[in-house]
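Quick caveat: nothing in here was measured; it's all calculated off a predicted structure.
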Amino acid sequence: MSASVTETSNAKVWTDQAFMALPDDECRYEIVNGELVVMGNSGALHGYISIVLSSALFAIVSPQKLGVLFDSSTAFKMKNGNKRSPDISFFAKERFQGIADLPIGFLEGAPDLAVEILSPGNTVEEISTKLVEYFENGTRLVWVINPIQHYVLVYRSAQEPDRLLKRGDFLDGEDVINGFSFAVDQLFQRLSF
């Protein structure tokens, strides 16, 4: 396959090679309806929440060999051709049957757990579209974290959230990451050093 972008009936089709060959310019990208979308930089609070939650997830996922965690630079191929990059992703080990090494390219389908940490530029429509795509492509659980208003929405389907979690509540890995429990308070801690 060549590293190219072709146009078919007004829609661009990005090859994996062309998408991966984008310049290393510190930007994150997604492919949405054939268009390259710059995801932009996220800021300190966003990055802090991501690393805190990723570390907690890794502490459960890795020792128990439950699957694989990915960061926001990892894109996943959706059935409609879009390439989506949640802020944190988890693929259960069952989805890697017969695979000894991770591909250099992209995984097919959405992760079992997708975590979206809202940025000031996110729109309701954008997040709703992502939720639909995630669940249509194999996601079983989504956490949408609002770092400004200090809450987490838990989705088991794209229609509406199952739960609203606030300070004092706990994120639960449910049947996706068995044994994972994490205090929502810890996502929104103030600096104390």
Side-chain angles (χ1 to χ4, degrees), residues 1-8 11-42 46-47 49-51 53-117 119 126-127 129-145 155 158 173-180:
M1 267 194 256
S2 65
S4 65
V5 179
T6 57
E7 290 198 30
T8 56
K12 295 176 185 172
V13 178
W14 285 77
T15 64
D16 288 356
Q17 292 82 0
F19 188 58
M20 290 180 68
L22 289 168
D24 185 11
D25 56 6
E26 303 298 320
C27 288
R28 294 186 313 118
Y29 300 97
E30 288 185 339
I31 302 292
V32 181
N33 301 323
E35 297 296 323
L36 187 65
V37 176
V38 179
M39 300 309 292
N41 292 319
S42 302
H46 187 286
I49 291 170
S50 180
I51 199 73
L53 185 54
S54 294
S55 298
L57 286 164
F58 190 79
I60 295 291
V61 168
S62 182
Q64 294 184 34
K65 299 181 189 232
L66 299 176
V68 180
L69 288 167
F70 298 98
D71 70 5
S72 62
S73 65
T74 307
F76 301 96
K77 289 197 286 191
M78 305 291 114
K79 293 174 194 170
N80 62 6
N82 287 351
K83 290 185 174 71
R84 295 293 191 175
S85 301
D87 292 305
I88 303 168
S89 306
F90 167 76
F91 259 75
K93 67 182 176 185
E94 294 78 19
R95 295 183 64 190
F96 290 107
Q97 296 303 312
I99 299 174
D101 296 307
L102 289 171
I104 292 172
F106 309 105
L107 291 171
E108 297 281 340
D112 294 279
L113 167 67
V115 180
E116 289 288 346
I117 303 167
S119 297
E126 172 192 1
I127 296 300
T129 300
K130 285 184 177 188
L131 287 169
V132 168
E133 285 185 23
Y134 291 156
F135 285 105
E136 286 178 349
N137 285 272
T139 293
R140 298 185 288 151
L141 182 63
V142 174
W143 298 332
V144 176
I145 300 171
Y155 289 85
E174 303 179 27
D175 61 340
V176 178
I177 302 178
N178 289 320
F180 180 78

Seminar exercise, completed: From the list I177, N178, L69, side chain to side chain contact (heavy atoms under 4.5 Å, CB included) partner of I60 resolves to I177

Exercise. Ring centroid separation for F76 and F70, is it under 6.0 angstrom?
Worked result: yes

For this session: Using modelled atom types only, decide if a donor and an acceptor are shared between the side chain of K77 and the backbone of G109 within a distance under 3.5 Å.
Result: no

Problem set entry | P86 and P111, any side-chain heavy atoms less than 4.5 Å apart | yes

For this session: Report the distance from atom CD1 of I117 to atom CH2 of W143, rounding to the nearest 0.5 Å.
Result: 11.0 Å

Problem set entry | Residue F96 excluded, over 12 heavy atoms near CZ under 6.0 Å | yes

Exercise. When you measure from the side chain of D71 to the backbone N and O of I88, does any donor-acceptor pair fall under 3.5 Å?
Worked result: no

For this session: Supply the atom-to-atom distance L66 CG to K93 NZ, rounded to the nearest 0.5 angstrom.
Result: 6.5 Å

Exercise. Within the side chain of H46, is there an N or O that forms a donor-acceptor pair under 3.5 Å with the backbone of S119?
Worked result: no

Exercise. About how many Å separate CG of L107 and CG of L102, when rounded to the nearest 0.5 Å?
Worked result: 6.5 Å

Problem set entry | Non-hydrogen atoms of R95 and E108 that approach each other most closely | NH2-O, 3.8 Å

Problem set entry | CA sep, side-chain torsions, deciding dist, call: K79, E136, salt bridge (charged side-chain N to carboxylate O under 4.0 Å, His left out) | CA-CA 8 Å; K79 293 174 194 170; E136 286 178 349; over 6 Å; no

Exercise. Do S62 side-chain atoms and F58 backbone N/O form a donor-acceptor pair below 3.5 Å?
Worked result: no

Problem set entry | Stepwise side-chain contact (heavy atoms from CB on, under 4.5 Å) check, I99 with D101 | CA-CA 6 Å; I99 299 174; D101 296 307; 5.7 Å; no

Problem set entry | Gap separating the CZ atom of F90 from the OG atom of S54, nearest 0.5 angstrom | 13.0 Å

Exercise. Looking at CG of L141 and CZ of F180, how far apart are the two atoms once the value is rounded to the nearest 0.5 Å?
Worked result: 10.5 Å

Exercise. What heavy-atom pair brings K83 and A75 nearest, and what distance separates the two atoms?
Worked result: CB-CB, 4.2 Å

Exercise. Is the backbone of R84 close enough, under 3.5 Å, to the side chain of N82 for a donor and an acceptor to pair up by distance?
Worked result: no

Exercise. Does the T139 side chain pair with the main chain of Y134, one donor and one acceptor, at a distance under 3.5 Å?
Worked result: yes

Exercise. For M78, does its backbone N or O pair with a side-chain atom of N137 as donor and acceptor, under 3.5 Å?
Worked result: no

Exercise. Is it true that a side-chain atom of S89 and a backbone atom of A114 form a donor plus acceptor pair closer than 3.5 Å?
Worked result: no

Problem set entry | D112 side chain vs A92 backbone, donor-acceptor pair below 3.5 Å | yes

Exercise. How far apart are the C-alpha atoms of I145 and L53, what are their side-chain angles, what is the distance that settles it, and do they pass the side-chain contact (heavy atoms from CB on, under 4.5 Å) test?
Worked result: CA-CA 11 Å; I145 300 171; L53 185 54; 3.7 Å; yes

Exercise. What distance separates E116 CD from S72 OG, expressed to the nearest 0.5 Å?
Worked result: 9.5 Å

